[in-house]
Amino acid sequence: MQRYFRVTPPTVHQMVMNLDRKGLIERIPGQPRSIRVLVSPDGLPALK
């Protein structure tokens, strides 16, 4: 995410926290790299 959006690590952390708070992703506490997207692929925009 950092490279794609060209932002700093703290910004990526805030982005992940906001996605989690909005219920768009699920995270397993205490387990790194445990993000699961809860939105169907049809509901996501295409990335370039």
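Since this is a predicted model, take the numbers as computed values, not measurements. Along the sequence shown, the residues carry numbers beginning at 1.
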Worksheet entry | Student check: side-chain heavy atoms of Leu38 and Leu24 closer than 4.5 Å | no
Worksheet item: How far apart are the closest heavy atoms of Ile25 and Val16, and which atoms are they?
Response: CD1-O, 3.5 Å
Worksheet, complete the sentence: CD of Gln2 to OG1 of Thr8, rounded to nearest 0.5 Å, is 7.0 Å
Item to complete: Please answer: with hydrophobic residues joined when any side-chain heavy atoms are less than 4.5 Å apart, are Tyr4 and Val7 in the same cluster?
Response: yes
Practice prompt. Sort out for me which residue in Arg33, Arg36, Met17 forms a side-chain contact (heavy atoms from CB on, under 4.5 Å) with Arg27.
Written response: Met17
Worksheet entry | same_hphob_cluster(Ile28, Val37) at 4.5 Å side-chain heavy-atom cutoff | no
Practice prompt. Using modelled atom types only, decide if a donor and an acceptor are shared between the side chain of Asn18 and the backbone of Gln14 within a distance under 3.5 Å.
Written response: yes
